[in-house]
Amino acid sequence: MGAQQSVNAGKAKVDVHVDLTHMLCEALLLPPMRNSGATFSQIVGRISLKHPSLFGRSEKLDVILDKGINESNAVITFRRPRPEWLSQQSFVIQHTMTPEIAVHGFPADNFTRSGSRGINLSRLSLGVELNEPSTSNWTSGTSVKFEHIRPVNNEGRSIARDHDGFPLTCSGNLHDNMIILKQESGYADVNDNSFLKVNLQMEQGLPLVPKSLTFNRVKCAVSKGMKLGPTFLVTSLTGGSIVGDMAPYQAFAIGGLGSVRGYGEGAVGAGRLCLIANCEYTVPLAKHLEGSIFMDCGSDLGSACHVPGNPALRQGKPGFGVGFGYGIHFNTDLGQIRVDYAMNAFSRKTIYFGINSGGGS
């Protein structure tokens with residue numbers, strides 16, 4: 001949902017885009033509005049610059065700048081032309097600034113939202129990405145990147161410890177450095193009556209620079225959808241594990257939209273392990289209009305105590321959560337408008353509103 005304007009400057013194309021994405025709690029809809037900034041924090045403006053032939057040999061340069069009220073993202077990507085049967089190579093520089101709410105935020109309003117403790121992550125990465133040519137239903141990509149991660153407060157000053165005196169980094173210093181080798185594979189089998197999608201990500205921290213983090217992080221997501229007469233059933237299962245060196249911000253956060261609805265971001269828990277299950281049943285109500293019922297659940301499998309500093313346990317997060325509810329989906333030419341009403345295990349309600357630009361389900 002938003003507005004976009006494109007301007008051509010020579011061979012380059014500049015896109016200016018404003019995206020409006022809202023996640024509203026029922027409590028925030030009642031007057032007087034409390035913490036109304038949570039609504040506007042989801043507004044993101046984007047400036048995108050694309051050059052199709054930077055040096056006259058079809059080298060592509062993409063520059064993207066995203067700015068929200070509390071976060072920012074800048075990405076520079078340079079792609080060299082290569083034959084289609086070879087891996088496509090990209091050089092990427094990225095800097096992000098994001099509030100660290102999922103792990104260090106505190107649950108509020110019976111876990112329906114997560115409050116900030118003034119901790120933000122400044123993340124600078126430089127690397128090379130190789131995307132293999134698609135074969136049948138499979139896709140594959142490999143990347144190697146250097147990351148420099150620095151916790152900062154709301155004033156932009158580097159900090160090494162949280163409000164309780166626990167380290168925010170693995171090194172205990174003001175920053176962490178790591179070299180990450182990442183392999184991602186995907187499988188998709190889609191037809192008119194069903195689909196099966198599998199995504200596997202593996203990250204290995206390489207000890208190639210002093211005090212670099214050495215770890216192995218794996219995450220796998222499987223989703224299956226099938227038509228049952230005029231209705232459609234979608235189930236998904238996501239699991240993750242991390243072993244070796246670890247900073248608190250690397251924990252798997254559970255809770256929120258895309259995880260367990262009815263809870264705030266990371267309000268269920270954060271651990272070295274995670275297991276999340278989702279199920280949604282969609283029924284057509286009228287032309288372009290669908291109704292759905294859903295159920296989500298997630299657990300850290302008792303691994304929160306193995307995260308340095310135990311941030312989830314100190315914030316009183318339960319480590320297991322169940323959310324269920326119903327929704328209305330309206331398919332338009334601009335995308336699918338979704339309104340979901342969810343309730344968590346503490347009988348607290350949350351309303352989610354969003355637009356999927358990909359169109360209908």
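Model, not experiment: these values are computed from the prediction. Sequential numbering from 1 along the given sequence is applied to the chain's residues.
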S.K.: What's the separation between atom OG in S223 and atom CG in N278, rounded to the nearest 0.5 Å?
M.R.: 9.5 Å

S.K.: Determine whether I254 and F294 fall in the same hydrophobic cluster, where Ile, Leu, Val, Met, Phe, Trp and Tyr are linked whenever their side-chain heavy atoms lie under 4.5 Å apart.
M.R.: no

S.K.: Taking only residues at least two apart or on different chains, which pairs with a member in residues 128-166 satisfy ring-ring contact (aromatic ring centres under 6.0 Å, His included)?
M.R.: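 For residues 128-166: W138-Y187, H148-H175.
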
S.K.: Are any of the side-chain nitrogens in R261 or E280 under 4.0 Å away from the carboxylate oxygens of its partner?
M.R.: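 Yes, charged N to carboxylate O under 4.0 Å.
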
S.K.: Are any non-hydrogen side-chain atoms of S185 and S140 less than 4.5 angstrom apart?
M.R.: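 Yes, side chains in contact.
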
S.K.: Within a strict 4.5 Å, meaning less than it, do heavy atoms of the E100 and R117 side chains meet?
M.R.: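 Answer no - side chains too far apart.
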
S.K.: Show the nearest heavy-atom pair for residues Q315 and G105, with the distance to one decimal.
M.R.: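 Nearest heavy atoms, Q315 then G105: CG-O, 3.8 Å.
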
S.K.: Before giving the answer on side-chain hydrogen bond (donor to acceptor under 3.5 Å, both in side chains), spell out for S114 and E265 the whole-Å C-alpha distance, their side-chain angles and the decisive distance to 0.1 Å.
M.R.: CA-CA 6 Å; S114 295; E265 184 181 0; over 6 Å; no

S.K.: Donor-acceptor pair, K349 side chain versus Y341 backbone, under 3.5 Å?
M.R.: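 Side chain of K349 to backbone of Y341: no pair is present.
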
S.K.: Taking atom NZ of K219 as the centre, report whether more than 12 heavy atoms of other residues, nucleotides or ligands fall under 6.0 Å from it.
M.R.: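 Check fails, neighbour count at 12 or below.
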
S.K.: Quick one: pull up OG in S299 and CD1 in I276 and give me the separation to the nearest 0.5 Å.
M.R.: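 Between atom OG of S299 and atom CD1 of I276 there are 9.5 Å.
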
S.K.: State whether the side chain of R272 and the backbone N or O of H306 hold a donor-acceptor pair below 3.5 Å, judged by distance alone.
M.R.: yes

S.K.: Can Y281 and S292 be counted as having a side-chain donor-acceptor contact under 3.5 angstrom?
M.R.: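 The answer is no; no qualifying pair exists.
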
S.K.: Is L213 linked to L121 within one hydrophobic cluster, defined over Ile, Leu, Val, Met, Phe, Trp and Tyr using a side-chain heavy-atom separation of less than 4.5 Å?
M.R.: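 Looking at the clustering, L121 is in the same group as L213.
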
S.K.: For G255 and V268, work out which heavy atoms get closest and say how close.
M.R.: CA-CG2, 3.9 Å

S.K.: Could you check whether D62 pairs with R79 (Lys NZ or Arg NE/NH1/NH2 to Asp/Glu carboxylate O, under 4.0 Å)?
M.R.: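 Looking at D62 and R79, the cut-off is met.
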
S.K.: Can you list the steps and then say if V322 with M295 is a side-chain contact (heavy atoms from CB on, under 4.5 Å)?
M.R.: CA-CA 7 Å; V322 178; M295 182 174 180; 3.6 Å; yes

S.K.: Less than 4.5 Å apart, any side-chain heavy atom of K50 and any of S48?
M.R.: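 Side chain of K50 against side chain of S48, heavy atoms only: contact under 4.5 Å found.
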
S.K.: Looking at side-chain heavy atoms only, is the closest gap between E290 and V283 below 4.5 Å?
M.R.: no

S.K.: Could you grab the distance from atom CG of L126 to atom CZ of F91, nearest 0.5 Å is fine?
M.R.: 12.0 Å

S.K.: Do the side chains of N173 and K211 get nearer than 4.5 Å, heavy atoms only?
M.R.: yes

S.K.: Say whether L208 and L124 are linked into one hydrophobic cluster, either directly or through other cluster members, by side-chain heavy-atom distances under 4.5 angstrom.
M.R.: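 L208 clusters together with L124.
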
S.K.: With no hydrogens and no angle check, just 3.5 Å: does a side-chain donor-acceptor pair link T142 and Q183?
M.R.: yes

S.K.: Using a 6.0 Å distance limit plus a 45 degree cone around the ring axis, check whether R217 lies over the aromatic ring of F252.
M.R.: yes

S.K.: Is any side-chain heavy atom of V218 less than 4.5 Å from a side-chain heavy atom of L200?
M.R.: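 A side-chain contact under 4.5 Å exists here.
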
S.K.: Among side-chain atoms of Q204 and N216, is any donor-acceptor pair under 3.5 angstrom?
M.R.: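 Short answer, yes.
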
S.K.: Looking at S212 and I179, what are the two nearest heavy atoms and their distance?
M.R.: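 Heavy atoms of S212 and I179 come nearest at OG-N, 3.6 Å.
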
S.K.: Please name the pair of heavy atoms, one in F232 and one in F195, separated by the smallest distance, quoted to 0.1 Å.
M.R.: CE2-CE2, 3.6 Å

S.K.: Can a donor-acceptor pair be found, under 3.5 Å and without considering hydrogens, that links the side chain of S259 to the backbone of G256?
M.R.: no

S.K.: Using the rule that Ile, Leu, Val, Met, Phe, Trp and Tyr join whenever any side-chain heavy atoms are under 4.5 Å apart, tell me whether F78 and I64 fall into a single cluster.
M.R.: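 Different hydrophobic clusters.
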
S.K.: Between N153 and N120, is any side-chain donor less than 3.5 angstrom from a side-chain acceptor?
M.R.: no

S.K.: Examine V198 and V190 and state if one hydrophobic cluster contains both, with Ile, Leu, Val, Met, Phe, Trp and Tyr joined whenever side-chain heavy atoms are less than 4.5 Å apart.
M.R.: no

S.K.: Out of curiosity, M202 CE to C220 SG, how far, rounded to the nearest 0.5 Å?
M.R.: 10.0 Å

S.K.: Under a 3.5 Å threshold, yes or no: a donor from one side chain and an acceptor from the other, between N177 and E147?
M.R.: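 No - no donor-acceptor pair under 3.5 Å links their side chains.
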
S.K.: Is there side-chain contact between L289 and I328, with heavy atoms separated by less than 4.5 Å?
M.R.: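 Answer yes - side chains close enough.
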
S.K.: With a 4.5 Å cut-off on side-chain heavy atoms, are Q250 and F215 touching?
M.R.: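 With C-beta onward as the side chain, the pair touches.
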
S.K.: With a 4.0 Å cut-off, would you call R314 and D162 a salt bridge?
M.R.: yes

S.K.: Does L313 offer a backbone N or O that forms a donor-acceptor pair with the side chain of N310 under 3.5 Å?
M.R.: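 Answer holds: no.
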
S.K.: Step by step, would you call V75 with V63 a side-chain contact (heavy atoms from CB on, under 4.5 Å)?
M.R.: CA-CA 6 Å; V75 185; V63 179; over 6 Å; no

S.K.: Is a side-chain N or O of N344 found less than 3.5 angstrom from the main chain of N110, in a donor-acceptor match?
M.R.: yes

S.K.: Set out, in order, the CA-CA distance, both residues' side-chain angles and the distance that settles side-chain contact (heavy atoms from CB on, under 4.5 Å) for L168 and I119, then state yes or no.
M.R.: CA-CA 9 Å; L168 295 171; I119 300 172; 3.8 Å; yes

S.K.: For a quick check under 3.5 Å, do S158 and R150 share a side-chain donor-acceptor pair by atom type?
M.R.: yes

S.K.: Take atom CZ in F320; do more than 12 heavy atoms of anything else shown fall under 6.0 Å from it?
M.R.: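 Yes.
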
S.K.: Measuring from atom OG of S143 to atom CG of N131, what distance do you get when rounded to the nearest 0.5 angstrom?
M.R.: 9.0 Å

S.K.: Let me confirm one number: the CD1-CG distance from I76 to L61, rounded to the nearest 0.5 Å.
M.R.: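 Here the interatomic distance stands at 7.5 Å.
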
S.K.: Sequence neighbours left out, what pairs pass ring-ring contact (aromatic ring centres under 6.0 Å, His included) with at least one residue falling in residues 108-130?
M.R.: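 Those involving residues 108-130 are F111-F346.
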
S.K.: Closer than 3.5 angstrom, by distance alone: can the side chain of S303 be matched with the main-chain N or O of L273 as a donor-acceptor pair?
M.R.: yes

S.K.: Under 3.5 Å, sequence neighbours excluded: what are the donor-acceptor pairs made by side chains of residues 242-249?
M.R.:
from	atom 1	to	atom 2	distance (Å)
D245	OD2	T214	N	2.9
Y249	OH	D176	OD2	2.7

S.K.: Ignoring hydrogens, what is the shortest heavy-atom contact between A221 and T238? Give both atom names and the distance.
M.R.: CB-OG1, 3.7 Å

S.K.: If you compare all heavy atoms of A270 against all heavy atoms of V103, which two are closest, and at what distance to 0.1 Å?
M.R.: CB-CG2, 4.3 Å

S.K.: So if I apply the side-chain hydrogen bond (donor to acceptor under 3.5 Å, both in side chains) rule between N73 and each of R123, Q94, H95, which one comes out positive?
M.R.: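 Testing each of R123, Q94, H95 against N73, the sole residue satisfying side-chain hydrogen bond (donor to acceptor under 3.5 Å, both in side chains) is Q94.
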
S.K.: Under 3.5 Å, is there a donor on one side chain and an acceptor on the other for T98 and E71?
M.R.: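 Their side chains do not contain a donor-acceptor pair, so the 3.5 Å distance test is not met.
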
